[in-house]
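Below: one structure, written as structure tokens.
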Amino acid sequence: MIVVTGATGNIGRSLVGRLLGEGAAVRALTRDPARAGLPAEAETVRADLTGTDDLVPLLAGAEALFLNLAAGGDRAAAALLDAAVKAGVRRVVLNSSMAVTDTPADEDNFIARLHAGLERAVRDSGLEWTFVRGGNYATNALAWAPSIRASGVVREAHPDAQGVPVHEADLADVAAVALLDRSGAHLGKAYVVTGPERMTVAQQVAEIGRAAGRATRVERISEEEAAEAMTGRHLTKEAALELVRMFGRTVDAPPFPVSDAVERVTGRPGRTFARWAQDHAADFS
Ligand SMILES: NC(=O)c1ccc[n+]([C@@H]2O[C@H](COP(=O)([O-])OP(=O)(O)OC[C@H]3O[C@@H](n4cnc5c(N)ncnc54)[C@H](OP(=O)(O)O)[C@@H]3O)[C@@H](O)[C@H]2O)c1
């Protein structure tokens with residue numbers, strides 16, 4: 001039995017399908033099973049990870065856990081990890097971040113700090129582990145969907161910021177291999193998982209326009225305005241500004257090389273952003 005947190009999310013939904021396809025038994029955690037729309041073959045279990053005191057029953061009989069910080073935040077993830085140890089789970093695959101570099105620089109930004117803290121907890125847990133250090137999720141482009149649908153215009157501080165957007169299905173596929181692996185080849189590995197090609201914001205917006213069959217363009221705004229637009233329940237203005245400035249630095253200095261981890265781990269090349277845009281064309285139409 002493999003327990004999947006964030007099972008209705010971008011990575012989780014894809015992962016549940018992939019694990020079931022491989023014949024694994026899956027327990028999918030969600031706050032609302034009635035709305036989850038997950039396959040009937042999965043055992044879909046109600047769990048609000050921030051509001052449940054005893055998490056051990058969620059892991060009863062499980063061999064492995066896919067842990068995603070998005071499902072309730074870092075405290076919830078740490079509590080679930082403790083519960084996994086108590087329940088006798090053997091392996092955890094952590095959805096981490098390529099912001100983590102295992103250097104003192106990890107203290108410099110909150111995304112790295114957050115994920116590095118959880119990585120430490122996983123290493124200290126004594127469980128078998130694999131880290132999926134993804135970044136620059138292609139799904140971040142869904143934030144542009146309302147403005148693309150309304151006007152075709154995307155407002156960004158750094159249209160030439162460069163990224164290597166990764167398809168959620170590739171993150172899920174890497175996680176699935178690590179969860180199911182019997183050879184031990186992926187234990188103690190931290191995979192930096194990127195998409196297969198470097199692309200600017202402007203190129204991504206153009207690709208979405210092609211897939212959705214509509215005219216799109218990027219309009220430059222100030223860093224302050226961009227941070228304001230990103231600020232919300234999960235992101236303070238200060239953290240948003242930190243992120244916007246980090247994107248700005250990628251215009252002249254791409255932060256990460258393109259990784260071949262998807263191909264190395266799954267045996268097939270990573271999905272392109274054009275493919276992602278086609279898969280999500282309905283979100284932008
Ligand atoms: N975006 C990036 O570029 C990036 C880069 C590096 C790392 N990451 C990591 O990836 C994560 C996002 O993964 P994702 O896109 O797959 O997530 P997502 O689509 O946002 O999914 C999150 C899921 O978590 C569940 N959830 C939320 N609150 C919960 C709670 N209190 N208890 C239980 N479940 C809860 C929700 O399901 P229900 O509503 O069904 O409960 C939701 O579907 C980030 O948090 C970060 O750690 C992201």
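Fair warning: this is a prediction, and the values are worked out from it, not measured in the lab. Hydrogens, waters and symmetry mates are skipped; everything else that's a heavy atom, side chains included, is used. Order of listing sets the numbers, starting from 1, for every ligand and every atom in it.
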Which atoms of ligand 1 sit under 4.0 Å from any heavy atom of Gly135? 5 (C), 6 (C)

If we only consider heavy atoms of Asp32, is any one of them less than 4.0 Å away from an atom in ligand 1? no

Output the list of atoms in ligand 1 that are nearer than 4.0 Å to some heavy atom of Thr30, sorted by atom number. 38 (P), 40 (O), 41 (O)

Gly73 near ligand 1, heavy-atom distance under 4.0 Å? no

Tell me, which protein residue and heavy-atom name are nearest atom 36 (C) of ligand 1, and how many Å apart are they? Arg31 NH2, 3.7 Å

In this structure, is the centre-to-centre distance between the rings of His186 and Tyr191 below 6.0 Å? yes

Any atoms of ligand 1 less than 4.0 Å from a non-hydrogen atom of His115? List them with their elements. 9 (C), 46 (C), 47 (O)

So the atoms of ligand 1 within less than 4.0 Å of a heavy atom of Ala70 turn out to be 11 (C), 12 (C), 13 (O), 17 (O), 22 (C), 24 (O), 26 (N), 27 (C), 28 (N), 45 (O)

Any side-chain donor-acceptor pair under 3.5 Å between Trp144 and Gln204? no

Are Arg245 and Glu223 within salt-bridge range, i.e. N to O under 4.0 Å? yes

What is the nearest protein non-hydrogen atom to atom 8 (N) of ligand 1, stated with its residue, atom name and distance? Tyr137 OH, 3.2 Å

Test side-chain contact (heavy atoms from CB on, under 4.5 Å) on Leu19 and Phe66; report intermediate values, then the result. CA-CA 11 Å; Leu19 292 172; Phe66 175 71; over 6 Å; no

Consider only side-chain N and O atoms of Glu168 and Ser14, and report whether a donor and an acceptor are under 3.5 Å apart. no

Could you tell me whether Asp124 and Arg120 have a side-chain N and a carboxylate O separated by less than 4.0 Å? no

Lys/Arg-Asp/Glu bridge criterion (N-O < 4.0 Å) met for Arg271, Asp173: yes

Return the residue, atom name and 0.1 Å-rounded distance of the protein heavy atom closest to atom 6 (C) of ligand 1. Gly134 O, 3.3 Å

Atom 26 (N) of ligand 1 - nearest protein heavy atom and its distance: Ala71 CA, 3.6 Å

Heavy-atom distances under 4.0 Å are what count here, so tell me which part of Asn68 touches ligand 1: side chain, backbone, both or neither. side chain

Could you check whether any side-chain heavy atom of Thr266 comes within less than 4.5 Å of a side-chain heavy atom of Val174, counting everything from C-beta outward? yes

Test Ile148 against every option in Val154, Leu142, Asp283 by the side-chain contact (heavy atoms from CB on, under 4.5 Å) rule and name the one that passes. Val154

Quick check: Leu69 and ligand 1, any N/O pair under 3.5 Å apart? no

Proximity to ligand 1 by part of Ala7, non-hydrogen separation under 4.0 Å: neither

For Ala47, the ligand 1 atoms with a heavy-atom partner under 4.0 Å come out as 32 (N), 33 (C)

Hey, are Trp276 and Glu207 close enough side-chain-wise for a donor-acceptor pair under 3.5 Å? no

Which residue holds the protein heavy atom closest to atom 31 (N) of ligand 1, what is that atom called, and what is the gap in Å? Asp48 OD1, 2.9 Å

Taking 4.0 angstrom as the limit, do Arg31 and Asp48 come out as a salt bridge? no

Taking 4.0 angstrom as the limit, do Arg133 and Asp106 come out as a salt bridge? no

Tell me: protein heavy atom nearest atom 16 (O) of ligand 1, and distance? Ile11 N, 3.0 Å

Thinking salt bridges, do Lys237 and Glu242 make one under a 4.0 Å N-O criterion? no

Under 4.0 Å from a heavy atom of Gly9: give me the atoms of ligand 1 that qualify, with their elements. 18 (P), 19 (O), 21 (O), 43 (O)

for atom 15 (O) of ligand 1, nearest protein heavy atom and its distance come out as Asn10 ND2, 2.9 Å

Protein contact of atom 43 (O) of ligand 1 - nearest heavy atom, named by residue and atom, plus distance: Thr8 OG1, 2.7 Å

Nearest non-hydrogen contact to atom 10 (O) of ligand 1 from the set Asn95, Leu118, Val132 belongs to Asn95

Measure Asn140 to ligand 1 on non-hydrogen atoms and call it side chain, backbone, both or neither using the 4.0 Å cut-off. side chain

